[in-house]
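Working notes for the structure below.
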Amino acid sequence: MNSHQLAVFHEVMKTGSVSQAARNLHRTQPAVSAAIKTLEAELGLTLFLREGRRLVPVPEAQYLMEEATEILSRMETAQQNLANMRDRVQGSIRIVAMPGPSTYLLPEFISRFVDGKPEVRVTLATRSSPQVRSLVAAGSFDIGFCDMSRFRGDRKLYMAEELPSNCLCAVPAGHPLADRDAITAADLNGVPMGALQPDHNTYQATSQAFLAAGAEFNLRYDAQYFLPLFHFIAAGQACAIVDVLSAESYRRSNAGEDRIRFLPFEPQISFGYSILTPSERPLSQLAASFAKAWREHVTEILSEAAG
């Protein structure tokens, strides 16, 4: 018994006529009759009593009709769902990202990506970069987005596409340095600073830059993530060396406000990004298209920041 036989049987039962079933299925009457006879032979059951030109279904045919209706409906639904998945308008994407982009920039992008696709479901989780790597390695998420630190502990369990970038210097709009084309460590000698906590590589690179310039690194605020530092900068209480996407998130979430300026910093302090996907499991077409579009979006932002 196959789907073709079930479809023919279902149409004959529905119409009560071989000729009408043949017209509906765009087949010949002999082909429809042959399909019914083959089905009966394979089942070892008589499904219809033949009274002249009439086919009278037996009780077993009524039972098979109920089963065939359900089976054909499920097949139609599966076929439609797979077509939607092929066209990337149905399915789910599980994303885990570090706090900076996941607060504003990534939700804004997801909103545009799923617009017009009501059957797409998105899970977005916020974790630290080490946690992002671990969760993608464990297969808990389809796509991870984190900083580009050289963590190799579970690298065989995920694939990483790296997007290099350099930090910017965030200064209050009214600060004497705000009109500069670029800011150096020497310019910030003794200026109150915000930074990530001392175990982060940007803290270490920033303090080394100040040391090399013979400048005082006057740390006033340190935080686990860049975003909280913007409150102190906007209040005129500090400057900070921050990553590009955190800066872009601040710009977009505070449209119309010009309380912080983001300027190139010298010497360059790297802060790149990684798009992670599980190496043990291929992505769905929907998730793969999202990862590609997100990479292009981030690359465009980084290019604009680099001038």
Side-chain angles (χ1 to χ4, degrees), residues 88 93-117 120 122-130 132-133 135-137 141-152 155 158-170 181-182 196 200-202 205 225-227 230 240-255 260-279 282-307:
R88 303 179 182 90
I93 314 172
R94 296 171 300 165
I95 306 163
V96 59
M98 59 186 183
S102 68
T103 301
Y104 186 87
L105 201 61
L106 191 51
E108 179 190 57
F109 178 81
I110 291 171
S111 178
R112 291 199 304 271
F113 182 83
V114 303
D115 187 37
K117 303 173 185 176
V120 172
V122 178
T123 297
L124 175 60
T126 302
R127 298 290 188 275
S128 67
S129 287
V132 169
R133 288 187 283 269
L135 288 167
V136 174
F141 288 86
D142 302 311
I143 299 167
F145 190 70
C146 60
D147 66 43
M148 203 176 73
S149 57
R150 302 295 177 176
F151 182 82
R152 302 298 183 186
R155 182 60 184 270
Y158 61 77
M159 295 179 288
E161 186 169 4
E162 298 182 341
L163 306 172
S165 178
N166 294 311
C167 288
L168 300 171
C169 183
D181 293 329
L196 296 189
H200 198 275
N201 57 358
T202 58
Y225 309 118
F226 283 122
L227 293 182
F230 292 134
I241 309 304
V242 303
D243 76 293
V244 171
L245 294 191
S246 291
E248 187 66 16
S249 293
Y250 176 84
R251 285 194 189 103
R252 297 191 184 200
S253 62
N254 291 273
I260 298 178
R261 290 206 63 201
F262 297 96
L263 304 168
F265 181 73
E266 298 172 359
Q268 291 181 345
I269 293 178
S270 64
F271 191 106
Y273 308 91
S274 293
I275 299 175
L276 310 181
T277 54
S279 58
L283 293 180
S284 67
Q285 292 193 34
L286 177 67
S289 66
F290 178 88
K292 178 177 182 292
W294 174 244
R295 181 188 69 243
E296 292 172 351
H297 183 60
V298 172
T299 299
E300 182 179 354
I301 293 173
L302 298 182
S303 296
E304 290 176 357

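Residues forming a salt bridge (Lys or Arg N to Asp or Glu O under 4.0 Å) with Glu296 (at least two apart in sequence, or on another chain): Lys292.
Note that the CG atom of Leu227 and the OG atom of Ser102 stand 8.0 Å from one another [nearest 0.5 Å]. Rounded to the nearest 0.5 angstrom, Cys146 SG and Leu276 CG are separated by 4.0 Å. Atom CD of Glu304 sits about 11.5 Å away from atom OG1 of Thr299, to the nearest 0.5 Å.
Taking each heavy atom of Pro107 and Leu124 in turn, the nearest pair found is CG-CD2, 3.9 Å.
Taking the six-membered ring for Trp and the full ring otherwise, the centers of Tyr225 and Phe230 sit at least 6.0 Å from each other.
Taking the six-membered ring where tryptophan is involved, the planes of Trp294 and His297 are tilted, since the angle between them lies from 30° to 60°. Between His200 and Phe271, the angle of the ring planes stays under 30°, which puts this pair in the parallel group of the 30/60° scheme.
Between Ile275 and Leu163, some side-chain heavy-atom pair lies under the 4.5 Å cut-off. With a 4.5 Å cut-off on side-chain heavy atoms, Val242 and Phe262 count as touching. Between Thr202 and Phe226, some side-chain heavy-atom pair lies under the 4.5 Å cut-off.
Residue Glu108 qualifies as enclosed at atom CD: its count of foreign heavy atoms under 6.0 Å is above 12.
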